[in-house]
Visitor: 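The structure's right below; bear with me while I get my questions together.
Residue numbers begin at 1 in each chain, while the letters A, B, ... track the order of the sequences.
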Amino acid sequence: MKINVTLPDGSIRQYDQGATAMDVAKSISEGLARNVLSAKVNGEVRDASRPLPGDCSLALLTWNDAEGKSTLWHSSAHLLAEAIEALFPGTKFGIGPPIENGFYYDIDPGERAISDADFPAIEAKMKELASKKLTFSRTEVSKADAIKYFTEKGDEYKLELIEGLQDGQITFYTQGNFTDLCRGPHIPDTSFIKATKVLSVAGAYWRGDEKRKQLTRLYAITFPKQKELDEYLVMLEEAKKRDHRKVGKELDLFTFSEKVGAGLPLWLPKGAALRERLINFMKTAQEKQGYQQVATPHIALKGLYVTSGHYEKYGKDSFQAINTPQEGEQFMLKPMNCPHHCEIFASRPRSYKDLPLRFAEFGTVYRYEQSGELHGLARVRGFTQDDAHLFCRPDQVKEEFLKVIDLVLLVLRALNFQNFEAQISLRDKEDRSKYIGSEENWVKAEQAIIDAAAECGMKTVVEYGEAAFYGPKLDFMVKDALGRKWQLGTIQVDYNLPERFELEYVGSDNARHRPVMIHRAPFGSLERFIAVIIEHTAGNFPLWLAPEQAILLPISDKYLDHCRALSASLKDSDIRALVDERNEKSARRSAMRNSPKPRSCSSSEKRRPATAPLA
RNA sequence: GCCUUUGUAGCUCAGGGGUAGAGCACUUCCUUGGUAAGGAAGAGGUCCCGGGUUCAAUUCCCGGCAAAGGCUCCA
């Protein structure tokens with residue numbers, strides 16, 4: 001009896017019953033066999049050493065496949081666990097999955113604390129075990145046996161995991177002295193793991209629940225070649241150099257003060273000027289689309305947020321009310337601009353002919369963030385949104401939404417972002433208690449976003465549970481230098497706040513109607529946006545944004561006057577120029593960093609007209 | 001908020017129970033016509049803050065605050 005195996009190129013080969021993916025690899029080439037990490041059989045990733053189930057399609061997975069990498073990292077997690085168990089006996093284990101870059105294992109080392117001082121020992125142990133060429137053997141076990149094994153081992157985390165599994169579908173994998181509950185698959189043996197680096201240690205709640213015990217999470221990464229690890233570490237170093245917190249300091253853009261408070265950025269002159277340029281860019285684009293600027297105060301009576309629903313939702317987790325000394329009034333720092341803008345809409349009767357109304361404000365808002373969440377400019381407690389609220393008729397929603405998408409894409413293009421992701425953020429599928437408003441309104445709003453995104457042909461991903469409490473969102477996500485994802489622009493369709501604020505306009509039928517609101521912020525916040533463009537450009541801003549568009553470097557004092565004249569002339573043409581008058585060579589060089597167009601100046605240059613185009 | 005780590009000159013960092021250290025930056029003078037470092041001299045510190053142990057604490061212990069990496073959260 002032979003089985004037919006269909007390979008990715010469409011060719012069909014015949015093998016004996018019971019042949020493994022590894023056998024197939026060997027029959028193709030020795031080199032391939034040496035590199036096979038796992039195999040995709042009829043679309044399911046499995047051990048390369050498992051017998052094929054019969055006629056099937058087969059793709060051999062190597063380090064060049066994402067799934068191959070995951071297999072190696074998953075096996076590496078088991079190796080990490082074995083090393084931990086050897087070094088710190090009695091450690092209990094949570095889960096240890098592969099992730100985008102490497103893998104982690106959540107462990108409970110009991111009384112002992114694991115710190116980065118332990119990393120070298122762990123790495124050495126992993127390396128030692130890897131070189132033993134231990135195979136990963138798969139065993140199917142009954143639920144009772146599985147429970148027995150981990151009860152004897154005293155590992156309550158694994159027992160909890162087993163509880164959630166079906167009898168008959170439980171497998172163990174064993175390599176060397178370590179056996180783990182695992183559905184697999186794994187690499188053929190540990191010798192494929194040639195380079196190992198434990199990256200960091202962090203706390204992580206068991207099953208992601210902050211009410212449960214906090215385990216110790218070890219992040220690590222492995223490679224099949226030492227050279228690849230070295231390159232990865234170099235890449236991490238390079239990414240660190242782009243960190244906006246570091247570059248922002250070097251460029252004198254912003255600072256923080258312990259006296260002012262954590263998460264409250266102080267913008268230095270160059271940073272403030274950068275903000276101004278972004279604001280003007282946005283104002284110009286918005287004026288073309290018929291927006292009107294409004295301005296509102298930084299505090300409002302608590303009642304405003306009771307009306308909007310923000311108080312009920314976030315009141316406990318916000319900065320607390322400010323009380324007046326005599327009258328006993330309670331004011332809140334504004335966390336959002338939308339309630340204020342609703343009141344502007346409500347300030348007078350509106351006709352259908354007035355709509356859409358587009359109120360824009362670079363509004364600074366304040367939100368309490370847990371101290372551990374603060375992160376440079378990307379997560380702060382006070383920030384400025386390029387906010388606007390569009391009040392429109394139901395029949396105008398789609399067109400307005402599409403125009404906002406244009407605006408967001410204009411921003412992303414102007415700053416040369418190619419790798420952004422458009423995310424449709426919908427309600428949680430199960431828990432609807434987190435949201436205000438009627439089912440009918442939500443369905444309308446969600447459909448409006450889905451339709452608009454589809455109509456402009458944008459590639460999107462759908463995330464459930466990511467909606468705001470008053471409406472669904474279209475969020476634009478980008479990654480920072482270290483691969484962390486941040487939300488920048490956002491567009492939200494909202495049928496609920498107009499209802500809560502009882503907003504109305506008079507229709508052509510002379511009856512009162514409820515407008516629909518679109519919340520939108522193409523930058524998101526200036527703070528986070530600037531953080532991301534710093535990392536995106538490594539501080540080398542596009543010319544229109546750069547703090548200094550031209551720096552003149554006289555090579556001797558003899559040319560100072562000429563440089564000053566040249567600089568004045570450039571300034572007359574609205575080019576931000578400065579003369580670096582410092583005498584040290586080193587100063588000249590350091591000034592050249594992060595300047596898009598450094599120019600040196602001497603007699604040969606002097607012959608050219610001062611308005612010569614910047615080369 | 002929770003876990004781990006860190007806090008010394010403007011920056012990057014070394015040090016260590018008994019007058020505080022380096023490199024770069026800064027100031028002054030000299031030198032200089034060329035793309036990452038010309039020379040000399042000088043100034044600069046509450047060693048994060050508060051308690052404790054000690055004859056003596058920047059160093060050891062406890063508590064705050066801030067920062068880094070995660071977790072949970074994010075209008």
Side-chain angles (χ1 to χ4, degrees), chain A residues 94 99 104 106 108-109 113-119 199-219 236 240 243 245-246 249-250 252 255-263 305 308-315 317-318 334-339 365-376 378-381 383 385 387 425 434-436 466-471 473 475 482 484 486-487 490 492 494 496-497 519 521 525 528 553-559 582-593 598-606:
Chain A
I99 51 177
Y104 65 79
D106 285 347
D108 179 356
I114 306 242
S115 79
D116 52 12
D118 299 308
F119 293 178
L199 296 167
S200 63
V201 57
Y205 300 108
W206 172 233
R207 307 208 115 176
D209 184 345
E210 69 180 317
K211 290 181 190 67
R212 305 199 61 180
K213 179 156 182 169
Q214 188 152 39
L215 305 181
T216 301
R217 175 170 297 178
L218 284 167
Y219 284 92
L236 278 188
K240 268 191 203 160
D243 191 312
R245 294 165 297 187
K246 182 179 161 66
K249 192 180 227 175
E250 286 165 1
D252 288 325
T255 189
F256 289 92
S257 151
E258 290 192 16
K259 282 208 181 75
V260 172
Y305 303 106
S308 70
H310 289 95
Y311 188 79
E312 194 195 342
K313 180 83 180 169
Y314 295 105
D317 301 312
S318 292
K334 85 171 163 187
M336 296 281 294
N337 303 298
C338 39
V365 296
Y366 301 90
R367 297 178 186 174
Y368 167 74
E369 301 284 358
Q370 300 183 85
S371 56
E373 279 313 321
L374 303 173
H375 180 93
R379 191 87 181 262
V380 288
R381 284 175 168 171
F383 57 95
Q385 297 178 310
D387 209 0
S425 301
K434 298 190 275 190
Y435 308 101
I436 60 168
E466 293 295 315
F469 75 94
Y470 50 74
K473 308 190 285 179
D475 292 326
L482 291 169
R484 289 174 293 219
W486 296 98
Q487 178 198 309
T490 179
Q492 306 164 11
D494 181 5
N496 290 314
L497 287 191
H519 309 238
S525 85
R528 181 177 291 176
L553 308 174
I555 55 165
S556 140
D557 289 350
K558 279 191 253 173
Y559 304 100
R582 290 176 296 181
N583 207 2
E584 296 80 7
K585 285 186 175 183
S586 59
R588 296 177 195 168
R589 310 248 161 78
S590 64
M592 285 168 68
R593 281 201 54 199
R599 293 303 310 268
S600 61
C601 191
S602 72
S603 55
S604 59
E605 277 88 7
K606 203 169 174 178

Visitor: Base, sugar-phosphate, or nothing for A/His519, non-hydrogen atoms under 4.0 angstrom?
Guide: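 Result for A/His519 = nothing.
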
Visitor: Can you check the distance between B/G38 and B/U46, where both ends of the measurement are the P atom (answer in whole Å)?
Guide: 32 Å

Visitor: What does the B/S/- profile of nucleotides 61-67 of chain B look like, 5' to 3', with a 4.0 Å heavy-atom cutoff to protein?
Guide: ----SSS

Visitor: Mind checking whether A/Leu215 and A/Lys213 have side chains closer than 4.5 Å, heavy atoms only?
Guide: yes

Visitor: Using side-chain heavy atoms (C-beta onward) and a distance below 4.5 Å, is A/Tyr470 in contact with A/Gln492?
Guide: yes

Visitor: Of the options B/C71, B/U4, B/C73, whose atoms approach the side-chain atoms of A/Val201 most closely?
Guide: B/U4

Visitor: With the side chain of A/Gln214 defined as its heavy atoms from C-beta on, choose the nearest nucleotide among B/C74, B/G69, B/C71.
Guide: B/C71

Visitor: For A/Ser115 and for A/Tyr366, find the nucleotide of RNA chain B with the closest heavy atom, then tell me which residue's nucleotide is more 5'.
Guide: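 Checking each residue's closest nucleotide, the 5'-ward one belongs to A/Ser115.
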
Visitor: Can you check the distance between B/G15 and B/C48, where both ends of the measurement are the P atom (answer in whole Å)?
Guide: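 Approximately 15 Å lies between the P atom of B/G15 and that of B/C48.
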
Visitor: Between A/Trp486 and A/His375, what is the ring plane arrangement, given parallel below 30°, perpendicular above 60°, and tilted in between?
Guide: tilted

Visitor: Would you indicate what A/Tyr104 reaches in the nucleic acid, counting non-hydrogen atoms under 4.0 angstrom: base, sugar-phosphate, or nothing?
Guide: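 A/Tyr104: no heavy atom of the nucleic acid under 4.0 Å.
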
Visitor: Work out how far the C1' atom of B/G45 is from that of B/G33, and round it to whole angstrom.
Guide: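 Looking at atom C1' only, B/G45 and B/G33 are 41 Å apart.
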
Visitor: Taking side chain to side chain donor-acceptor pair (under 3.5 Å) as the definition, give me every residue that meets it alongside A/Ser525, ordered by chain and number, with sequence neighbours left out.
Guide: none

Visitor: Assign A/Ala202 to base, sugar-phosphate, or nothing according to its heavy-atom contacts below 4.0 angstrom with the strands shown.
Guide: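 Base, at least one base atom sits under 4.0 Å.
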
Visitor: Hey, which of these two, A/Tyr205 or A/Glu210, hits RNA chain B nearer its 5' end, going by closest nucleotide?
Guide: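 With A/Tyr205 and A/Glu210 compared, the 5'-side residue is A/Tyr205.
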
Visitor: Is A/Gly372 touching bases, backbone alone, or none of the nucleic acid, heavy atoms closer than 4.0 Å?
Guide: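 If one applies the 4.0 Å heavy-atom cut-off, A/Gly372 turns out to touch a base.
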
Visitor: With the side chain counted from C-beta on, respond yes when A/Tyr104 and A/Leu199 share a heavy-atom pair under 4.5 Å apart, and no when they do not.
Guide: no

Visitor: Checking all strands, does A/Ser318 fall into the base, sugar-phosphate, or nothing category for heavy-atom contacts under 4.0 angstrom?
Guide: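 Contact class for A/Ser318: base.
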
Visitor: Using atom C1' of each nucleotide, how far apart are B/G18 and B/U12 to the nearest Å?
Guide: 29 Å

Visitor: On the side chain of A/Arg379, is there an atom forming a donor-acceptor pair with the base of B/C74 - under 3.5 Å, no angle test?
Guide: yes

Visitor: What closest approach, in Å, do A/Pro109 and A/Ile114 show between heavy atoms, and which atom pair accounts for it?
Guide: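 So the minimum-distance heavy-atom pair works out to CG-CG1, 3.9 Å.
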
Visitor: Would you measure the distance from the P atom in B/C55 across to the matching atom in B/A22 and give it in whole Å?
Guide: 33 Å

Visitor: Can you give me every donor-acceptor pair (side chain of residues 201-209 of chain A, partner residue at least two apart or in another chain, under 3.5 Å) with its distance?
Guide:
{"from": "A/Trp206", "atom 1": "NE1", "to": "A/Glu160", "atom 2": "OE1", "distance (Å)": "3.1"}
{"from": "A/Arg207", "atom 1": "NH1", "to": "A/Glu160", "atom 2": "OE2", "distance (Å)": "3.4"}
{"from": "A/Asp209", "atom 1": "OD1", "to": "A/Lys211", "atom 2": "N", "distance (Å)": "2.9"}

Visitor: In whole angstrom, give me the gap between the P atoms of B/G7 and B/C47.
Guide: 15 Å

Visitor: When rounded to the nearest Å, what value does the distance between P atoms of B/U19 and B/G23 take?
Guide: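 After rounding to an integer number of Å, I get 22 Å for this pair.
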
